[in-house]
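Notes to accompany the following structure.
Note that the structure is predicted; figures quoted are calculated from it, not measured.
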Amino acid sequence: MQVLNADAIVVKLNSGDYKTIHLSSIRPPRLEGENTQDKNKKLRPLYDIPYMFEAREFLRKKLIGKKVNVTVDYIRPASPATETVPAFSERTCATVTIGGINIAEALVSKGLATVIRYRQDDDQRSSHYDELLAAEARAIKNGKGLHSKKEVPIHRVADISGDTQKAKQFLPFLQRAGRSEAVVEYVFSGSRLKLYLPKETCLITFLLAGIECPRGARNLPGLVQEGEPFSEEATLFTKELVLQREVEVEVESMDKAGNFIGWLHIDGANLSVLLVEHALSKVHFTAERSSYYKSLLSAEEAAKQKKEKVWAHYEEQPVEEVTPVLEEKERSASYKPVFVTEITDDLHFYVQDVETGTQLEKLMENMRNDISSHPPVEGSYAPRRGEFCIAKFVDGEWYRARVEKVESAAKVHVFYIDYGNREILPSTRLGTLPPAFSTRVLPAQATEYAFAFIQVPQDEDARTDAVDSVVRDIQNTQCLLNVEHLSAGCPHVTLQFADSKGDVGLGLVKEGLVMVEVRKEKQFQKVITEYLNAQESAKSARLNLWRYGDFRADDADEFGYSR
């Protein structure tokens, strides 16, 4: 089921229970000496202890998903902590064999573990202790692993989980790669995993696309939020299927926290489809644009009919006829293609006009060539609030920007005028904007908009869920935009996916991530009715904001909503 360490594994018994087993009489690789580890660096045993990774990989490839025989040799009782030795819980020590091969002996013979020495009167040892000693003698003679005089293997593994900047840089590479090989290192929940990408030698957090999996319990300040029904079952299902297995992943996008989103395949099967098939997840509306949409719908329909787990209380909703409202004034629907470049924390977004995209590309190319020929002298630029400049982004390229605030020479707040994102930079990464590339030559290309007909949640967690959903669906993609009405701050618009023509805002309402803003203008009544019907469906299904019912009656003010 799982390899915990170079001498410990988790097995699933015939009864269905799980048990941790320690391999008898062997010791895993460990750090020797006091000064071998940088004290300022957090120790990652799997990668920092010599030969620990090789030992874990040997066991993983030999044992995960295989049937083994376990013969208990002895039970090591629990021991309290002392000044020099940490506390140990009770350990079941056993000989584990697969196909007649003693795994501990194989590990020792490759120099990936050593044999523990005992007092003569201590008979709590492996039933194959002599074979273990002989295997160690061979490993020492042949200079294998821990006994080798060669240079110790080093594993430089970058953990970019939750590192938004690194994830942004890495995203295009993974998107272009198509299917990438990975090993599932950890399962947080049914749809959230930690992956090791061997080709790229990095760790990432990966979210399954196309599904809505029950949320697990969360520890919040002052309270423990209970998990949704079947969240534990979904987590266990994913663990048993993919933990520490070799899989293939397709990365489609990332969320605001730097987590990658996409599809995971195990032995040719799509994990998102399998979770839906086993009634442990529901299909998310974003799956509509995926090539796996039909498979997901088919799996969901079959699960609904069985009325099990997440569909245990499923009842087909009667189709309600909506009486059309006569419109005195026609709603103007003139959608234009745009490219979404940035989503803000308050659910506004910035877009570039697709029609002027080539002009921006040409300007950026010429500007960078000019800067390359005449690079700015580092530290020569003195930023002033409101001034246009050039700024060096994390990708090492220069972009047009505007200074928004100057805290100090080390902290200058800038706004990238062609993309809509903000950053705090030292003045050494800023320079004067050459006149040939000013906003007179080409106006700022990032335009701010807000969604029409919806209310942005005031509750921070609820707003984050909505923002993450939008980032996942439309950031760095082409959409269709229609201005619905003007408002203080920025125009309010509807957005459509470029391929399916599905309404992005309506999708948020369907998922219960936002509420409808009811407007009285008659030209909007048809679309408002559609939004309200979607809200009622989300409320009936108790999705997200509605998971505890209709909260608006008593505490709408507390949640920042109005009916």
Legend entry - Residue Glu407 excluded, over 12 heavy atoms near CD under 6.0 Å: yes
Inset, instruction - Answer whether the closest heavy-atom distance between the side chains of Glu136 and Val108 falls below 4.5 Å. - result: yes
Inset, instruction - Rounded to the nearest 0.5 Å, what's the gap from CG on Asp473 to OG1 on Thr286? Could you check? - result: 5.0 Å
Inset, instruction - Decide yes or no for Ser253 and Arg472: does some side-chain heavy atom of the first lie under 4.5 Å from some side-chain heavy atom of the second? - result: yes
Legend entry - Within 6.0 Å of CG in Asn14, more than 12 heavy atoms from elsewhere: no
Legend entry - Thr235 OG1 to Arg192 CZ distance, which is reported to the nearest 0.5 Å: 11.0 Å
Inset, instruction - Would you tell me whether Thr97 and Asn102 have side-chain atoms, one donor and one acceptor, within less than 3.5 Å of each other? - result: no
Inset, instruction - Determine the minimum heavy-atom distance between Leu146 and Pro50, stating which atoms define it. - result: CD2-O, 4.1 Å
Inset, instruction - For Asn544 and Glu511, indicate whether the former's side chain and the latter's backbone hold a donor-acceptor pair under 3.5 Å. - result: yes
Legend entry - Short side-chain to backbone donor-acceptor contact, Ser272 and Ala209, under 3.5 Å: yes
Legend entry - Main-chain N/O of Val283 paired to Glu300 side chain as donor or acceptor, under 3.5 Å: yes
Legend entry - Stepwise side-chain contact (heavy atoms from CB on, under 4.5 Å) check, Cys202 with Phe170: CA-CA 10 Å; Cys202 71; Phe170 207 48; 3.5 Å; yes
Legend entry - Neighbour count >12 (heavy atoms, 6.0 Å) for atom CG, Asp267: no
Legend entry - Val504/Ile474 under side-chain contact (heavy atoms from CB on, under 4.5 Å): CA gap, chis, key distance, verdict: CA-CA 8 Å; Val504 178; Ile474 66 171; 3.9 Å; yes
Legend entry - Under 3.5 Å: donor-acceptor pair, side chain of Asn142, backbone of Arg138: yes
Inset, instruction - Please examine the side chains of Glu233 and Lys309, heavy atoms only from C-beta on, and report whether any two atoms are closer than 4.5 Å. - result: no
Inset, instruction - Report yes if some heavy atom in the side chain of Val115 is under 4.5 Å from a heavy atom in the side chain of Tyr129; otherwise report no. - result: yes
Inset, instruction - Kindly give the heavy-atom pair with the smallest separation between Val187 and Leu193, and that separation in Å. - result: CG2-CD2, 4.0 Å
Legend entry - Enclosure of Lys282 NZ (heavy-atom neighbours >12, cutoff 6.0 Å): yes
Inset, instruction - Taking all non-hydrogen atoms of both residues into account, name the closest pair between Ser126 and Thr95 and its distance. - result: OG-OG1, 3.7 Å
Inset, instruction - Would you mind telling me which of Glu301, Glu308, Lys307 makes a side-chain hydrogen bond (donor to acceptor under 3.5 Å, both in side chains) with Gln305? - result: Glu301
Inset, instruction - Check the surroundings of atom CD in Glu181: do more than 12 heavy atoms from other residues, nucleotides or ligands lie under 6.0 Å from it? - result: no
Legend entry - Verdict with reasoning, Phe206 to Val184, per side-chain contact (heavy atoms from CB on, under 4.5 Å): CA-CA 10 Å; Phe206 189 81; Val184 178; over 6 Å; no
Legend entry - Nearest non-hydrogen partners of Val310 and Pro214, listed with the distance: CG1-CG, 4.0 Å
Legend entry - Straight-line distance of Asp73 CG to Gln124 CD, nearest 0.5 Å: 10.0 Å
Legend entry - Heavy-atom side-chain contact between Leu513 and Leu545 under 4.5 Å: no
Inset, instruction - Spell out, as yes or no, whether a donor-acceptor pair under 3.5 Å connects the side chain of Arg542 to the backbone of Lys539. - result: no
Inset, instruction - Decide whether a cation-pi geometry holds between Arg76 and Phe88; the criteria are a distance under 6.0 Å from NZ or CZ to the six-membered ring centre and an angle within 45° of the ring axis. - result: yes
Legend entry - Distance, nearest 0.5 Å, that separates CG of Leu63 from CD of Gln244: 10.0 Å
Inset, instruction - Could you tell me the separation between the OG atom of Ser281 and the CZ atom of Phe230, rounded to the nearest 0.5 Å? - result: 12.0 Å
Legend entry - Aromatic plane relationship, Phe53 with His155 - under 30° parallel, 30 to 60° tilted, over 60° perpendicular: tilted
Legend entry - Contact summary for Ala94 and Val70, nearest pair of heavy atoms: CB-CG1, 3.6 Å
Legend entry - Electrostatic pair Asp465:Arg215 at N-O distance under 4.0 angstrom: yes
Inset, instruction - Consider only side-chain N and O atoms of Gln165 and Gln169, and report whether a donor and an acceptor are under 3.5 Å apart. - result: no
Legend entry - Carboxylate-amine/guanidinium proximity below 4.0 Å for Glu228 and Arg547: yes
Inset, instruction - Verify, without hydrogens or angle tests, whether His278 (side chain) and Leu280 (backbone) share a donor-acceptor contact under 3.5 angstrom. - result: no
Legend entry - Heavy-atom check, side chain of Thr464 versus side chain of Asp468, under 4.5 Å: yes
Inset, instruction - Apply side-chain contact (heavy atoms from CB on, under 4.5 Å) to Phe173 and Glu200, showing your working. - result: CA-CA 10 Å; Phe173 174 76; Glu200 295 78 15; 3.5 Å; yes
Inset, instruction - Indicate yes or no for a side-chain donor-acceptor contact from Asn270 to the backbone of Trp263 under 3.5 Å, with no hydrogens or angles considered. - result: no
Legend entry - Shortest non-hydrogen contact between Arg429 and Lys392, atoms and distance: NH2-O, 2.7 Å
Inset, instruction - Examine distances only and state if a side-chain atom of Arg44 and a backbone atom of Val157 form a donor-acceptor pair shorter than 3.5 Å. - result: yes
Legend entry - Side-chain heavy-atom pair His265, Leu271 within 4.5 angstrom cut-off: no
Inset, instruction - Without swapping roles, check the side chain of Arg27 against the backbone of Ser25 for a donor-acceptor pair under 3.5 Å. - result: no
Legend entry - Heavy-atom side-chain contact between Arg289 and Phe497 under 4.5 Å: yes
Inset, instruction - Please name the residue in the list Leu4, Asn5, Val3 that meets the side chain to side chain contact (heavy atoms under 4.5 Å, CB included) test with Arg56. - result: Val3
Legend entry - Note: Glu185-Lys194 ion pair, threshold 4.0 Å (strictly below): no
Legend entry - Other residues, nucleotides, ligands: >12 heavy atoms within 6.0 Å of Arg156 CZ: no
Inset, instruction - Evaluate the side chain to side chain donor-acceptor pair (under 3.5 Å) criterion for residues Tyr292 and Glu250: first the C-alpha distance (whole Å), next the side-chain angles of each, then the deciding distance (0.1 Å), finally the verdict. - result: CA-CA 12 Å; Tyr292 303 109; Glu250 297 173 78; 2.4 Å; yes
Inset, instruction - Inspect the surroundings of NZ in Lys166 and state if more than 12 heavy atoms from other residues, nucleotides or ligands are less than 6.0 Å away. - result: no
Inset, instruction - Output yes when Glu57 and Lys62 qualify as a salt bridge under the 4.0 Å nitrogen-oxygen rule, no when they do not. - result: no
Inset, instruction - May I ask you to say whether Arg60 pairs ionically with Glu246, meaning some side-chain N is under 4.0 Å from a carboxylate O? - result: yes
Inset, instruction - State the CD1-CD1 distance between Ile9 and Ile21, to the nearest 0.5 angstrom. - result: 7.0 Å
Legend entry - Donor-acceptor pair, side chain of Asp122 and main chain of Arg125, under 3.5 angstrom: no
